[in-house]
Number of protein chains: 2
Amino acid sequence: MERFNIEESLKEHGIRRTPFRIELLTLFAEAKHALSHHDITEKLKPGQDRVTIYRALDAFVEKGLIHKVPDVHGAIAKYALCSHDCSSEKHEDDHIHFVCHKCEQTYCMEDIHIPKISLPKGYQKDHSDFIIHGTCESCSNS
Amino acid sequence: MERFNIEESLKEHGIRRTPFRIELLTLFAEAKHALSHHDITEKLKPGQDRVTIYRALDAFVEKGLIHKVPDVHGAIAKYALCSHDCSSEKHEDDHIHFVCHKCEQTYCMEDIHIPKISLPKGYQKDHSDFIIHGTCESCSNS
DNA sequence: CTGTGTGCAAAGGGTTTGCAAGTAC
DNA sequence: GTACTTGCAAACCCTTTGCACACAG
């Protein structure tokens with residue numbers, strides 16, 4: 001994830017630069033993997049209101065700043081920064097997600113795009129999710 | 001989904017053939033798409049205990065009779081019959097799932113296998129989920 | 001000033017746990 | 001008889017909604 005300007009980014013996406021939202025977006029900018037609501041509460045100072053976090057996340061997703069990472073098999077929802085120029089109109093997070101079953105983190109594989117699949121007659125694709133489960137690099141080496 | 005013997009199947013997978021479990025598995029055998037807990041309560045006679053359903057589903061998954069269908073973006077968990085010879089030891093449900101945003105059903109595309117992806121050095125794949133969202137055949141024609 | 005964001009309280013909904021009684025094998 | 005299943009009650013946890021106050025633009 002290339003460095004980017006937090007406040008600039010909020011402004012560009014039409015989100016007010018409140019201290020809390022700046023802090024939240026900073027978390028995402030610094031994260032090496034997707035964050036769940038729970039991850040976020042742990043990284044923020046204790047006492048931060050849960051609801052405010054939910055609403056900020058919703059706003060970020062809505063405005064194209066982050067994307068909701070597909071959670072499979074009942075896992076808790078996670079979120080990660082959008083890589084490209086997503087907006088309210090269109091998200092373009094066409095990459096594969098990797099879920100490590102050891103460290104339980106979810107990684108955006110920005111460089112690996114989801115392969116095209118030919119569907120049976122009559123089925124029309126809108127978008128797709130591809131999640132690979134396994135062991136991540138750092139967990140493999142330990 | 002080829003026809004198969006309900007009671008035989010329960011027996012083979014080491015699950016007791018109680019009236020309720022026979023009825024539940026029958027639902028899956030007749031379903032053309034994945035079923036959620038909610039779908040199931042609607043198809044069973046009213047008053048069937050929720051917890052019993054949860055536990056039966058867990059048992060079926062554990063024993064390799066059904067698989068949990070990847071629910072993406074906070075959807076409710078769904079389940080579908082396993083196609084091949086899954087067991088407690090190993091599930092082999094290597095097919096794509098199609099989620100229709102109109103009828104909100106999830107279909108197992110048994111014939112379409114998940115493509116192999118080459119991962120970066122160090123990442124080891126265990127299994128993967130591929131979910132395509134869009135409009136299904138019957139919803140396209142209406 | 002105006003619309004958005006925050007904090008608190010409470011409700012809602014899905015899923016899990018505990019335990020006693022019932023049943024398949 | 002033994003182990004697994006069921007049913008009921010209650011607990012848990014995540015998420016959403018409502019509302020009054022605070023604050024960015």
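Every chain is numbered from 1, with letters handed out A, B, ... down the list of sequences. Since the model is a prediction, treat every value here as computed from it, not as a measurement.
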Just wondering, are more than 12 heavy atoms of other shown residues or ligands nearer than 6.0 Å to NZ in Lys11(A)?
no
How close do His33(A) and Thr106(A) get, heavy atom to heavy atom, and via which atoms?
CB-O, 3.0 Å
Take the protein atom CG of Asp49(B) and the nucleotide atom P of dA9(D), then report the distance between them rounded to whole Å.
10 Å
Using a 6.0 Å cut-off, check whether atom CD of Gln48(A) has over 12 heavy atoms from anything other than its own residue.
yes
Can you find a side chain N or O atom of Gln48(B) that sits less than 4.0 Å from OP1 or OP2 on dG7(D)?
yes
Between dT4(C) atom C1' and Arg16(A) atom CZ, what is the distance in whole Å?
4 Å
Whole Å only: how far is the CZ atom of Phe60(B) from the C1' atom of dT5(D)?
11 Å
To the nearest Å, give me how far apart CZ (Phe20(A)) and P (dA22(D)) are.
19 Å
Looking at Tyr54(B), I'd like to know whether one of its side-chain N or O atoms comes within less than 4.0 Å of OP1 or OP2 on dT16(C).
no
Rounded interatomic separation in angstrom, taking CG from Leu57(B) and P from dT6(D):
11 Å
How do Pro19(B) and Thr18(A) order along DNA chain D: which one's closest nucleotide is nearer the 5' end?
Pro19(B)
Partner of His67(B) by ring pair (Phe, Tyr, Trp, His ring centres under 6.0 Å), out of His127(B), His91(B), His97(B):
His97(B)
In terms of side-chain heavy atoms of Thr52(A), which of dT6(C), dA9(D), dC8(C) is nearest?
dT6(C)
For Lys68(B) and dT15(C), give me the distance from atom NZ to atom P, rounded to whole Å.
7 Å
Where each residue is assigned the nucleotide of DNA chain C containing its nearest heavy atom, which of Arg55(A) and Arg17(B) is assigned the position nearer the 5′ end?
Arg55(A)
Is there a side-chain polar atom (N or O) of Arg21(B) under 4.0 Å from OP1 or OP2 of dT6(D)?
yes
Is the number of heavy atoms from other residues, nucleotides or ligands within 6.0 Å of CD (Glu104(A)) greater than 12?
no
Without decimals, in angstroms, what is the distance between Ile53(A) CD1 and dC14(D) C1'?
13 Å
Whichever of Ile15(A) and His37(A) has the more 5' nearest nucleotide on DNA chain D, that residue is His37(A)
Distance in angstrom units between Arg50(B) CZ and dT17(C) P, rounded:
16 Å
